[in-house]
Protein chains: 2
Amino acid sequence: MSAHTTSRRDRLRQATVEEIHVTVRRLLVAQGSAAVTINAVAREMGMSGPALYHYYASHDELVGAVTAGFFRELAETMEQARDAHADAPIGDRLLSVCRAMRAWAIAHPAEFGWIFASPIAPPNRRQDSVRHQAALRFEQVLLDLTVELWQAQPFPVPDLAGLPASLREQLTAYSATIEGRLPPEAAHVFLTCWIRLYGLLCMEVLHQLDFAYTDLEPVFEECLRDLSAKLSLDYSEPPLTEGRRPS
Amino acid sequence: MSAHTTSRRDRLRQATVEEIHVTVRRLLVAQGSAAVTINAVAREMGMSGPALYHYYASHDELVGAVTAGFFRELAETMEQARDAHADAPIGDRLLSVCRAMRAWAIAHPAEFGWIFASPIAPPNRRQDSVRHQAALRFEQVLLDLTVELWQAQPFPVPDLAGLPASLREQLTAYSATIEGRLPPEAAHVFLTCWIRLYGLLCMEVLHQLDFAYTDLEPVFEECLRDLSAKLSLDYSEPPLTEGRRPS
DNA sequence: AAATTTGCTTAGAGCTATTAAGGAAACATA
DNA sequence: TATGTTTCCTTAATAGCTCTAAGCAAATTT
């Protein structure tokens, strides 16, 4: 595992790429997304402007790569929470993955905001492979757990025949894209939960709820309680960590 | 009401301001938010660059003014839906306001996206009076109706003593900022509904659900059905308009 | 040792926001 | 009616941005 697979050049290049990502992130966190310019990043790294084009073909591509990294980090955090207590009941693992998701979002609001709000523009290009791939992995974590739950102890689902035709078709199509791992009715429940969880988080991080709340932790827990009921699994309080006090 | 209150100059200036707003909106819709530059707007209007600074002190201020206009338009649409059938049951009026909100968002995705995703940056300045004022008016519409509902036929609320202390305090504070028009418990129900409605809409418009859905209308209606139950009011199907077919 | 690839440089075109200075027209006033 | 002020717009200029082009120098390959 030495000179053949990874040349010295490759290692240097890799190090530079990582320095770029770190620098972008520092600028984003410290001064907001508008401060993440190619020139500023290069300046911070002590090299001048156009040099960065040897690593990324455009500003958009750089942003896409960094965003993909954020998705990956978030997904890894959630996977760690999933695997930390691999022997725990499926319900507990699901809850702890949800909490890990929020914990990461709260700890990294600028990054999470970027993940969510950056694709205002691109409803078009779908082959944004790097970024799209990472987003898929992120979505996959909760989907996998839900599939596992569905197989171990199926949750209640609505009657497919009772749903509007349009919804039925969409759910069937989605069920197919996940290779039938959930039938359409179960996919519907999963998507409903996903929307509530992710939607709440996005509103929190994008400051849409500041007019009423200063700390959404109890609201999030209530949401989890609600979703637990929907999935007919036992809600259990979050483990007490530093910084959280029982009331 | 002629020459004294509104001079010729004032009218011309007002017309120019409106042309600016129209131009900004056209650029936003046609080419995305990145295309809304001071230079581009001026160019479109046949005047060159710095002239716009006689109307707005900065790019940010221009964006803020236009965003406020979007909020106002959305709020007016909702108010119209509220007042269209002033004699209808409160529940029906609530539902039709919610539907009017989504209809506007769907009809004007770029504008709605701007409303929602633009304040990634400014969690600081709260005296963004123009824009903030308009946002308040928007939020007010559903709050007003909920207050009316609460007074006419109170919906079930949780026991305040059973809520976490932190949440209790935040709800009490919010109840105070709306001058006690809803007690904390009722405010909690209102906010929960608000989060689900607005959150779903934001995710839809910002394309966070494209991976599963192509048309969220049935999902939105299901959400409304759910919220109707929470508020113990009768859910009624949306009126059939052109373009919507019963299945 | 020679040739090629790679990482960087500076120069420059064409955007952008914003400030400064000045001209021309409309308005207000003496 | 003449004079002064206010208002709208212009061009010029600064400083930043993205991105292309041309070229030097060092590292790597042949």
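Treat the numbers as computed from the prediction; the structure is a model and nothing was measured. Just so we're on the same page: letters track the sequence lines, and every chain starts at 1. What you see below is based on every heavy atom in this structure, not just the backbone, and it leaves out hydrogens, waters and symmetry mates.
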Given [options], which nucleotide is nearest the side-chain atoms of [X]?
X: B/Pro50; options: D/dC8, C/dA17, C/dT19; result: C/dT19
X: B/Met47; options: C/dA20, D/dC19, D/dC9; result: D/dC9
X: A/Tyr53; options: D/dT18, C/dA17, C/dT9; result: D/dT18
X: A/Ala51; options: C/dC8, C/dT10, C/dT16; result: C/dC8

message: Would the distance check show the side chain of B/Gln170 and the main-chain N or O of A/Thr214 forming a donor-acceptor pair, the cut-off being under 3.5 Å?
response: yes
Distance in angstrom units between [X] [atom1] and [N] [atom2], rounded:
X: A/Leu12; N: C/dG7; atom1: CG; atom2: P; value: 9 Å
X: B/Arg43; N: C/dA17; atom1: CZ; atom2: P; value: 9 Å
X: B/Leu52; N: C/dA17; atom1: CG; atom2: P; value: 9 Å
X: A/Glu19; N: C/dG7; atom1: CD; atom2: P; value: 14 Å
X: A/Glu61; N: D/dT18; atom1: CD; atom2: P; value: 14 Å
X: A/Gln14; N: C/dG7; atom1: CD; atom2: C1'; value: 16 Å
X: B/Tyr55; N: C/dT18; atom1: OH; atom2: P; value: 17 Å
X: A/His59; N: D/dC19; atom1: NE2; atom2: C1'; value: 12 Å

Salt bridge check, [Y] against [X]: does any charged N sit closer than 4.0 Å to a carboxylate O?
X: A/Glu73; Y: A/Arg25; value: yes
X: A/Arg181; Y: A/Asp144; value: yes
X: B/Arg99; Y: B/Glu221; value: yes

query: Parallel under 30°, tilted from 30 to 60°, perpendicular over 60°: which one fits the rings of B/Tyr198 and B/Phe112?
result: perpendicular
task: May I ask you to say what A/Thr16 touches in the nucleic acid, namely base, sugar-phosphate or nothing, with a heavy-atom cut-off under 4.0 Å?
output: nothing
Distance test, side-chain N/O of [X] to OP1/OP2 of [N], below 4.0 Å:
X: A/Asn39; N: D/dG16; value: no
X: A/Ser48; N: C/dT9; value: no
X: A/Arg13; N: C/dG7; value: yes

message: Let's test your reading of the model: under 3.5 Å, does the base of D/dC8 pair with the side chain of B/His54 as donor and acceptor?
response: no
